[in-house]
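Written below as structure tokens is the structure these notes are about.
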Amino acid sequence: MEEIPQLKVSGKDMKHLPCINDAWLAIEHDKIVGFGKMQDWEGIADWTNLTVIDATDKLVMPSYCDSHTHIVYAGSREGEFVDRINGLTYEEIFERGGGILNSAKKLRVASEEELIESALERLNEVMMQGAGAIEIKSGYGLSTESELKMLRVIKKLKTLSPLTIKATFLGAHAVPTEYKNNKRAYIDLLITEMMPAIAEERLADYCDVFCEQNYFTKEETIEILTAGKKYGMTPKVHAEQLSNSGGTLAGIEVGAISVDHLEFVGNEEIKALKDSETMATILPGAAFFLGLPFPPARKMIDAGLAIAAASDYNPGSSPSGNINFLLSLCCIQYKMTPEEAINATTINSAYAMDLSKTHGSIAVGKQANVFITKEIPGYSFIPYSFGSNLIETVIINGKVI
Ligand code: NIG
Ligand code: FE
């Protein structure tokens with residue numbers, strides 16, 4: 001794959017995935033320093049002491065960028081998974097104090113060390129499945145102390161994991177039980193207590209809100225994200241996941257870098273996205289796991305939008321960060337071509353976390369985050385072989401993992 005000059009690819013261009021057959025790729029330290037056709041190799045480089053990896057009949061791909069995860073959490077929620085099989089909905093489980101509130105109960109009593117250990121295990125797993133950069137949200141703390149604990153854990157993970165990590169403050173993930181009858185006071189706490197403390201320690205790049213019935217309204221979303229901007233956090237939104245509740249338009253109004261989920265997005269939102277710089281991000285793992293209607297990905301691409309796809313790795317609605325499987329979902333359920341699905345999980349998802357200048361494609365000067373597959377006939381074989389692990393070698397920051 002060669003350089004994609006744009007920072008994102010939109011509409012018809014998403015069907016285009018530049019590739020080079022029989023190619024070489026050179027890495028020096030942690031950067032990509034060159035690539036080309038094997039027939040042009042002779043004489044162009046005077047590198048000595050090269051470590052050579054033979055990738056004959058294999059594919060070298062830019063690492064995936066996962067722009068939406070909740071990978072720091074305590075415990076698991078397979079009990080709710082079984083409850084849903086037996087007929088309860090995601091909303092009903094939340095109304096009974098489960099869902100996000102269940103994870104908050106578990107997280108509040110977990111130590112930083114426990115959270116770091118379990119998150120690192122997950123990060124290592126997704127790295128071996130091809131991820132090279134990842135966004136991680138708070139949002140299971142829902143108190144100043146526990147939100148700060150989550151964000152400090154994410155900061156620590158940046159030093160412990162070779163992955164490139166971006167942090168998002170999602171205090172507005174749900175109204176915690178103790179503020180059940182006083183959402184206003186919780187929003188004030190987010191803005192007047194949590195945000196200054198987060199800014200003080202520079203703990204978050206982004207601020208996110210779950211804009212949804214029973215969570216936060218469009219107006220509250222705008223208020224929280226506008227306050228977040230004052231503290232240096234770029235807006236993101238959980239938008240139109242369970243209903244059309246205004247999250248997309250709220251996000252565009254405040255200049256969000258991405259609006260994510262979009263199951264219930266309509267024509268008005270698609271048009272507004274077309275006129276914005278906001279990345280429309282689908283989370284096919286969550287729609288698959290919760291049995292939600294699919295976001296109209298085909299319609300959005302055909303309308304000229306750029307689409308990103310991310311895992312939403314979290315214990316309640318998407319307990320997997322395997323982007324290879326996500327490619328299968330994009331192709332099989334959303335009728336995206338393999339090229340569109342790969343662009344959605346590389347350059348466009350890099351854009352959704354301000355990383356497309358350095359990540360998300362193979363280009364000279366970019367971070368040397370790539371993976372090499374087993375012998376496969378071509379990139380379409382990855383989504384085709386759903387559930388298989390076809391990745392043989394992972395290189396992050398120029399080092400074989
Ligand atoms: O992105 N929609 C809200 N937040 C998560 C789910 C979190 C949870 O259930 O724990 C999501 O799907
Ligand atoms: Fe999410």
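Residue numbers start at 1 and run along the sequence shown. First listed ligand is number 1; within each ligand, the first listed atom is number 1. Because the structure is predicted, anything quoted here is derived from the model rather than measured.
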Problem set entry | Identity and separation of the nearest protein heavy atom to atom 11 (C) of ligand 1 | D312 OD2, 3.1 Å

Problem set entry | Y140 neighbourhood, listing ligand 1 atoms whose heavy-atom distance to it stays under 4.0 Å | 7 (C), 8 (C), 10 (O)

Exercise. Salt bridge between E220 and K183, side-chain N to carboxylate O under 4.0 Å?
Worked result: yes

For this session: Ignoring angles and geometry beyond distance, decide whether S103 reaches within less than 3.5 Å of ligand 1 through its nitrogen or oxygen atoms.
Result: no

Problem set entry | Minimal non-hydrogen separation, S349 against C65, with atom names | OG-O, 2.7 Å

Exercise. Would you call F94 a ligand 1 contact, heavy-atom distance under 4.0 Å?
Worked result: no

Seminar exercise, completed: Within 4.0 Å of some non-hydrogen atom of H68, the atoms of ligand 1 are 1 (O)

Problem set entry | Carboxylate-amine/guanidinium proximity below 4.0 Å for K149 and E114 | no

Seminar exercise, completed: For the Fe ion (ligand 2), angle spanned by D312 OD1 and H70 NE2 (nearest 10°) is 90°

For this session: For R77 and ligand 1, answer yes if some heavy atom of the residue is under 4.0 Å from a ligand atom, otherwise no.
Result: yes

Exercise. Can Y215 be said to touch ligand 1, with heavy atoms closer than 4.0 Å?
Worked result: no

Problem set entry | From S317, G285, G139 - option closest to atom 12 (O) of ligand 1 by heavy atom | S317

Exercise. Quick one: do R108 and E178 make a salt bridge, cutoff under 4.0 Å?
Worked result: yes

Exercise. Nearest protein heavy-atom contact for atom 2 (N) of ligand 1: which residue, which atom, what distance?
Worked result: Q241 OE1, 2.6 Å

Exercise. Say you draw a straight line from CG of L203 to OG1 of T168; how long is it, rounded to the nearest 0.5 Å?
Worked result: 12.0 Å

For this session: Run the numbers for me: atoms of ligand 1, each under 4.0 Å from some heavy atom of H261, listed by number.
Result: 1 (O), 2 (N), 11 (C), 12 (O)

Exercise. Are F169 and Y231 near enough that their ring centres are under 6.0 Å apart?
Worked result: no

Exercise. Does E112 come within less than 4.0 Å of K156, counting only side-chain N to carboxylate O?
Worked result: no

Exercise. What protein heavy atom is closest to atom 9 (O) of ligand 1, reported as residue, atom name and distance in Å?
Worked result: Y90 OH, 2.4 Å

Seminar exercise, completed: The atom name of the N, O or S atom in H68 nearest to the Fe ion (ligand 2) is NE2

Exercise. Side chain, backbone, both or neither: which part of Y73 has a heavy atom under 4.0 Å from ligand 1?
Worked result: neither

Exercise. Does R298 pair with E340 as a salt bridge, N-O distance under 4.0 Å?
Worked result: yes

Exercise. Using 30° and 60° as the class limits, which term best fits the ring planes of F210 and H261: parallel, tilted or perpendicular?
Worked result: tilted

Exercise. Nearest protein heavy-atom contact for atom 4 (N) of ligand 1: which residue, which atom, what distance?
Worked result: H173 NE2, 2.8 Å

For this session: Please determine if D66 and R122 form a salt bridge, counting it only when a charged side-chain N lies under 4.0 Å from a carboxylate O.
Result: no

